[in-house]
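Take a look at the structure set out below.
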Amino acid sequence: MGRIVSIGECMGELSETGTPGALQMGFAGDTLNTAFYLRHSLGPDWQVDYVSAVGTDGLSDRMVGFLGDQGIGTDHIRRLTDKTIGLYYITLKDGERSFTYWRNDSAAKRLASDPTALARALEGADLAYWSGITLAILPNQDRLALIEALSQFAGKGGTVVFDPNLRPRLWDSVDTMRGWIHRAAAVSELCLPSFEDEATWFGDADPAATVRRYQAEGTRRVIVKNGAEHVTFATGNAVPSTLAIAPVERIVDTTAAGDSFNAGYLAAELTGSSVQDAIAAGARLAGRVIGARGALIADAVQHA
Ligand code: ADP
């Protein structure tokens, strides 16, 4: 039996139903999306737990119920009496999605405020997954606490996997973001960045430069996603290699492309695939996810 913990913020998602005045409610968030696809990709010999903080109100109950219904473990989601979950609302105008957020005071900002609870959540896990968004939402001292907890986890043989998911709007400044992202990468054995974001915010000339930059920070393995183009990867000091990915016939909505790629990759790697085969599995899953509307598409997971 293996155990994965995914650490971060899941939010309520409000969107139009098509009926005037009626909204529908879903749940999503980068690390939750990856946990969802890991849960649906891996068999019952893997436990997938979500690590976060929510309130004790009805909305928080509904989110925890949703995660439980998906088969995701909720024992390490802390309940805070004075907070609730973050929300966002999606508007679609001329095919473009835009987002309105209410997340500044969300419970998830406190997900790393209890070091004992954090250590308990990580205890006995094989792999811990987190992202730049997980780090961005925390107060400084909790950023340090989470990095320290993951560093100890890695020291005991756990695998730490990080997606930088660069979101400058969640940070005080781009410089602050860059500094913390590199500190996070330094405690992560595998880093899964997306080239477009990295080129924008770190000025990388090409995906190989992204690989080298994270390796220079101490990440042993780096896999750089690059939309429809290709995936570039390297382990240790090896020269980065590039792998073409299969073309996707129909793109409907690219939400959760990177998150589902990460899950498809990790599920394949954890069940014995080579890096190349795991990259192909990640791209296949992401290709199906972007062929449908929304972040969480259970049907996108097809067992080989
Ligand atoms: P993110 O969604 O995090 O910005 P990318 O855009 O690089 O990341 O996409 C992540 C993965 O999703 C890619 O590695 C690829 O497998 C798949 N993907 C994204 N866009 C396309 C596309 N236009 N055609 C085919 N695959 C795509």
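For the single chain, residues carry numbers from 1 onward in sequence order. Atoms within each ligand, like the ligands themselves, are counted from 1 in listed order.
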Note to self: Strictly under 4.0 angstrom, heavy-atom based: which residues surround ligand 1?
What the structure shows: Ser194, Lys225, Asn226, Gly227, Ala228, Ile245, Val248, Ile251, Ala257, Gly258, Phe261, Ala283, Ala286, Ile290
Note to self: Hydrogens and angles aside, do Ser173 and Thr176 bring a side-chain donor and acceptor to less than 3.5 Å of each other?
What the structure shows: yes
Margin query: Is it the case that the ring center of His230 lies less than 6.0 angstrom away from the ring center of Phe195?
Written below: no
Item checked: Salt bridge flag under 4.0 Å for residues Asp61 and Arg79 -> yes
Margin query: Looking at Leu190, is its backbone amide N or carbonyl O close enough to the side chain of Arg221 to form a donor-acceptor pair, meaning the two atoms are under 3.5 Å apart?
Written below: no
Notebook entry, point to check: Distance under 6.0 Å and angle within 45° of the ring axis: does Arg143 meet both against Trp180?
Noted result: yes
Notebook entry, point to check: Is the cationic atom of Arg39 (NZ for Lys, CZ for Arg) positioned less than 6.0 Å from the six-membered ring centroid of Phe36 and within 45 degrees of its normal?
Noted result: no
